[in-house]
Amino acid sequence: MTAILSEETRMRDEITAVGKSLFDRLFTFGSTGNISARLSNGELLMTPTNASLGALDPGRLSKFSAEGVHLSGDKPTKEAFLHQCMYCERQDAGAVVHLHSTHAVAVSLIEGLDEADLLPPLTAYYVMRVGRLPLVPYYPPGDAALAGAVAEKARTSHAVLLANHGPVVAGATLREAQYATEELEETAKLFLMLRGERIRPLTARQRDELARK
């Protein structure tokens, strides 16, 4: 029990630190976005509803059982199911980050992109940290049908982009999920900056070589 409590305390502090870092660097704003992490016993810690990621209280994070039952902490976010369905499909996931980051949302609004993979492989780090980015069709916030749509895409990708909403990214650790989300946002920014220009993305061979690593 002592080991579990110690792990939980450390994870509460890490979620709080990551949230503040993302907020302070303008990856999120207001009370948008949410973060979760899975403990070794299967329980989840998650940022609660109407909470700014820049001012989280580690003692008030929502806590869920391994079965998804709210156990303690503040009222959960209505987007808790986004995290839970990612964990169901990504057994290796230890954390999930969901943001409404501006450039990624902008990409989700552009017609005519490849909905199976929205962003080209502009950099090696994007390929290594994100890979492929499928688009999840639009559903109203909190719509339970969104869970099934996210789960379908999560079977083959640890990062998805919700149309008119924002990215949901899973990682083996919270830092991995954070860094992948940041890489996604910065690549979306690059993509928007380069629209109209002739670009030279990584080749299919270069991309496959990175994926094998």
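Here the structure is a predicted model, which means the values were calculated and not measured.
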Any chance you could lay out the side-chain contact (heavy atoms from CB on, under 4.5 Å) test for E8 and L39, step after step, and finish with the verdict? CA-CA 7 Å; E8 181 177 327; L39 302 176; 4.1 Å; yes
Taking only residues two or more places apart in sequence, or in another chain, which ones meet A106 in a side-chain contact (heavy atoms from CB on, under 4.5 Å)? L192
Is the shortest side-chain heavy-atom distance between L53 and T47 below 4.5 Å? yes
Report yes or no: does T181 contribute a side-chain atom to a donor-acceptor pair with the main-chain N or O of V169 at less than 3.5 Å? no
Hey, does F23 have a side-chain heavy atom less than 4.5 Å from the side chain of L56? no
Heavy-atom side-chain contact between E182 and F27 under 4.5 Å: yes
Can a salt bridge be assigned to the pair E185 and K189 using a cut-off of 4.0 Å between side-chain N and carboxylate O? no
Which residue pairs pass the side chain to side chain donor-acceptor pair (under 3.5 Å) test with at least one member in residues 147-164, sequence neighbours excluded? E89-R155
Near R90 CZ, under 6.0 Å, is it more than 12 heavy atoms from other residues, nucleotides or ligands? yes
Clusters formed by hydrophobic residues whose side-chain heavy atoms approach within less than 4.5 Å: which one holds Y87, and what are its other members? L44, M46, F64, F81, L82, M86, V96, V136, Y139, L146, V150, V160, L162, V168
Note: K78 and P141 closest approach over all heavy atoms is CE-CB, 3.9 Å
Carboxylate-amine/guanidinium proximity below 4.0 Å for K63 and E43: yes
Identify the heavy atoms of P76 and T49 that sit nearest to each other, and give their distance. O-CB, 3.5 Å
Taking C-beta and beyond as the side chain, do T173 and E176 meet within less than 4.5 Å on heavy atoms? yes
Evaluate H98 against I35 for side-chain contact (heavy atoms from CB on, under 4.5 Å), listing each step before the verdict. CA-CA 6 Å; H98 166 50; I35 299 169; over 6 Å; no
Is it the case that the side chains of T16 and R12 hold a donor-acceptor pair, with the cut-off being a distance below 3.5 Å and no angle test? no
Hydrophobic cluster (4.5 angstrom, side-chain heavy atoms) - remaining members for L109: none
Without swapping roles, check the side chain of S52 against the backbone of G54 for a donor-acceptor pair under 3.5 Å. yes
Looking at side-chain heavy atoms only, is the closest gap between S101 and P167 below 4.5 Å? yes
Heavy-atom distance under 4.5 Å between the side chains of R198 and R200, does that happen here? no
If we only count heavy atoms from C-beta on, is the L210 to L202 side-chain gap below 4.5 Å? yes
Is a salt bridge present between R10 and E7, judged by a nitrogen-to-oxygen distance below 4.0 Å? no
Other than V105, which residues form its hydrophobic cluster under the rule that side-chain heavy atoms must be closer than 4.5 Å? none
Might you work through the side-chain contact (heavy atoms from CB on, under 4.5 Å) test for I110 and R195, ending with a clear yes or no? CA-CA 11 Å; I110 298 174; R195 279 179 68 78; 3.9 Å; yes
R25 vs S21, side chain to side chain donor-acceptor pair (under 3.5 Å): CA-CA, chis, key distance, verdict: CA-CA 6 Å; R25 290 179 297 127; S21 175; 2.9 Å; yes
Checking H70 side chain against D74 main chain: does a donor-acceptor pair fall under 3.5 Å? yes
Atom of A163, atom of P137 and distance for their closest heavy-atom approach: CB-C, 4.0 Å
Quick one: CG on N50 to OG1 on T32, what's the gap to the nearest 0.5 Å? 11.0 Å
With a 4.5 Å cut-off on side-chain heavy atoms, are N34 and L99 touching? no
How close do L184 and A159 get, heavy atom to heavy atom, and via which atoms? CD1-CB, 4.4 Å
What one should report as the nearest heavy-atom pair of P120 and T187 is O-CG2, 4.4 Å
Correct closest heavy-atom pair for V130 and A180 would be CG2-O, 3.5 Å
Take L135 and L113, measure what side-chain contact (heavy atoms from CB on, under 4.5 Å) needs, and give me the verdict at the end. CA-CA 9 Å; L135 180 70; L113 300 182; over 6 Å; no
Quick note, side chain to side chain donor-acceptor pair (under 3.5 Å) partners involving residues 122-133, not counting sequence neighbours, are D117-R132, R129-E183
